[in-house]
Amino acid sequence: MPTTVRTRVAVVGAGPAGLVLSQLLADAGIESIVVDSRSRGEIESTIRAGILEQNTVELLRAIDPGTRVDTVGHRHDGIELRFGDEAHRIDFPALVGRSVWLYPQHEVLKDLLALRLGAGQDLRFGVTVAGVDEGDPEHPAVVGTDAQGEVVRIEADFVVGADGSRSAVRATVTGSRSGGYFREYPFAWFGILCEAPPSAQELIYSNSDQGFALISQRSPEVQRMYFQCDPDADATAPSEAEIWDTLQARVPGTTLHEGRIIQRDVLRFRSFVAHELRRGRVALVGDAAHTVPPTGAKGMNLAVADVVLLAEALRALLGEGTRDERLIDSYAERALDRIWKAQHFSWWMTSMLHVAPDATDFDRRRQLGELRSVVESEAGRAYLAEAYTGWPARP
């Protein structure tokens with residue numbers, strides 16, 4: 001017989017979305033259980049990008065006054081667009097009065113895990129979820145196996161799929177694990193982590209005839225950089241010298257600080273939005289609901305924005321003495337308003353900055369004209385700054 005436990009909200013996934021949701025529910029007096037197939041060490045050591053919108057930073061400060069985003073993270077007041085051997089800075093505060101913070105996702109997760117575990121959160125690692133049992137529509141149950149191979153059943157008043165792009169919960173909401181709107185791009189990013197000082201104080205987005213490059217940072221000693229490559233590229237094939245030659249050629253005018261490459265990978269580009277975000281008492285947030293190319297720095301921020309709306313809806317539905325279904329009924333519509341804006345912005349930044357494999361001379365000149373239209377127009381720069389730093393938390 002399975003081990004059965006009961007809770008108000010079962011959250012599948014201990015990434016940023018699941019952990020922030022558990023905190024917001026706890027603040028509202030709503031009990032939850034969070035499960036994840038990974039160990040705590042795996043969650044904290046998986047290195048991911050980390051540009052946080054101002055809304056995300058303000059939320060992290062509100063739920064954890066001790067967040068390290070202000071001590072370990074770095075505020076960035078702009079980015080540099082580079083094309084045609086020219087550099088153009090987009091000044092966020094001057095244009096929209098907002099900023100972003102460079103704070104890697106694994107550092108955010110360390111903070112959130114310590115916060116939730118310190119507060120006594122029922123957080124179970126090593127639980128592989130098979131799916132959701134809706135035999136009782138008012139009390140769906142998460143079914144899976146724990147680290148010892150024992151069957152686990154978590155009965156709840158509501159189930160949330162925050163379990164990433166390979167979500168086991170998604171099929172319950174959309175009818176299949178792949179049910180959604182999908183686009184795959186004809187290029188990828190070859191990413192490296194290297195031991196070197198920063199090559200720039202802010203991110204450089206560079207469009208060159210050879211393809212795109214992004215010069216980012218991680219810490220005073222470790223940097224993150226990317227260049228456009230074929231999706232089927234072998235991350236182990238090029239030598240370190242070849243990697244540095246490629247990066248340097250795509251960022252003319254900036255001398256990169258080279259160092260030992262300690263990690264390399266190829267990141268494919270995909271866009272996805274699930275056909276449905278909620279069905280009955282099961283809902284999706286974060287990468288379970290949508291994925292975006294990394295060019296616009298929307299991924300984690302979009303997940304947190306989903307959670308803000310869903311937590312508000314669950315407080316109304318499950319809070320003490322309440323059963324208001326209006327916000328949960330409108331959750332998908334409200335979340336999709338931001339999701340599709342973020343999809344457009346991510347697609348726009350990607351298509352504007354990368355060189356398509358089949359691009360003609362016309363395409364290349366049109367693309368440079370688009371870049372000039374942005375940097376030479378205050379309205380164009382303001383749109384980029386507004387979207388990059390984040391829209392209001394609620395539509």
Side-chain angles (χ1 to χ4, degrees), residues 5 7-53 55-74 101-129 142 144-148 152 154 156 159-169 193 218-219 222 284-289 299-308 310-311 314:
V5 293
T7 189
R8 301 300 306 285
V9 179
V11 180
V12 183
L19 294 174
V20 169
L21 179 60
S22 72
Q23 177 66 48
L24 296 180
L25 292 174
D27 290 344
I30 299 173
E31 176 195 41
S32 67
I33 294 176
V34 181
V35 300
D36 199 289
S37 61
R38 300 165 293 174
S39 69
R40 181 177 181 177
E42 289 173 324
I43 294 171
E44 293 183 337
S45 62
T46 301
I47 297 176
R48 299 283 295 275
I51 293 294
L52 306 185
E53 296 174 359
N55 286 335
T56 302
V57 170
E58 290 170 356
L59 179 62
L60 292 176
R61 289 172 178 157
I63 65 177
D64 180 13
T67 177
R68 295 177 301 137
V69 70
D70 291 311
T71 55
V72 178
H74 300 277
W101 275 254
L102 178 69
Y103 191 52
Q105 181 171 310
H106 62 280
E107 300 293 347
V108 175
L109 289 171
K110 289 178 185 177
D111 293 345
L112 291 172
L113 284 167
L115 179 69
R116 296 309 306 135
L117 290 170
Q121 172 70 47
D122 189 340
L123 205 169
R124 306 183 181 200
F125 302 105
V127 176
T128 301
V129 171
V142 172
T145 55
D146 64 17
Q148 288 72 46
V152 175
I154 305 172
V159 170
V160 178
D163 49 339
S165 58
R166 294 179 175 84
S167 171
V169 178
L193 277 175
R218 278 297 174 268
S219 71
V222 176
L284 304 175
V285 293
D287 284 359
M300 189 173 87
N301 298 291
L302 201 53
V304 171
D306 293 344
V307 165
V308 169
L310 184 60
L314 292 177

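Keep in mind that this is a model prediction, so the values were computed, not measured.
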**Request:** Apply the test side-chain contact (heavy atoms from CB on, under 4.5 Å) to residues I154 and V127: give CA-CA distance (whole Å), side-chain angles for both, the deciding distance (0.1 Å), then the verdict.
**Result:** CA-CA 11 Å; I154 305 172; V127 176; 5.7 Å; no

Checklist entry - side-chain contact (heavy atoms from CB on, under 4.5 Å) between L310 and D306: does it pass, once the steps are laid out? => result CA-CA 6 Å; L310 184 60; D306 293 344; over 6 Å; no

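E31 is not listed as a side-chain neighbour of L25, based on a closest heavy-atom distance of 4.5 Å or more. A heavy-atom distance below 4.5 Å is not found between the side chains of D122 and T7. In this structure the side chain of T56 never reaches within 4.5 angstrom of the side chain of V69, judged on heavy atoms. Counting heavy atoms from C-beta on, the side chains of L102 and I51 come closer than 4.5 Å. Counting only heavy atoms from C-beta outward, the side chains of L113 and F125 approach each other to under 4.5 Å. Contact of the L52 side chain with the V108 side chain is registered, since non-hydrogen atoms from C-beta on lie closer than 4.5 Å. At a threshold of 4.5 Å between non-hydrogen side-chain atoms, the residues L112 and I63 count as touching. With a 4.5 Å cut-off on side-chain heavy atoms, R8 and L314 do not count as touching.
A17 approaches V285 most closely through the heavy-atom pair CB-CG2, 3.9 Å. Counting all heavy atoms, side chain and backbone alike, V129 lies closest to A168 at O-CB, 3.5 Å. Contact detail for V34 and S22: the closest heavy-atom pair is CG2-CB, 3.8 Å. Taking each heavy atom of G161 and A288 in turn, the nearest pair found is O-CB, 3.5 Å. Taking every heavy atom of both residues into account, M300 and P16 meet most closely at SD-CG, 3.6 Å. The shortest heavy-atom contact between L284 and A289 is CB-CB, 3.9 Å.
Separation of atoms CD (E53) and CH2 (W101) is listed at 11.0 Å; rounding is to 0.5 Å. Put simply, CG on D64 and CD on Q23 are 7.5 Å apart, with the number rounded to the nearest 0.5 Å. Going from atom CG of N301 over to atom CG of N55 covers 8.5 Å, rounded to the nearest 0.5 Å.
Heavy atoms from other residues, nucleotides or ligands lying under 6.0 Å from CZ of R166 number 12 at most.
Without hydrogens or angle criteria, T46 side chain to E42 main chain gives a donor-acceptor distance under 3.5 Å. In this structure a side-chain-to-backbone donor-acceptor pair under 3.5 Å is missing from D111 to T67.
A salt bridge links K110 with E107: at least one charged nitrogen is closer than 4.0 Å to a carboxylate oxygen.
Test V12, D287, D36, V35 against D163 for side-chain contact (heavy atoms from CB on, under 4.5 Å) and you get one pass: V12.
In this structure, a donor-acceptor pair under 3.5 Å is present between the side chains of Q121 and S32.
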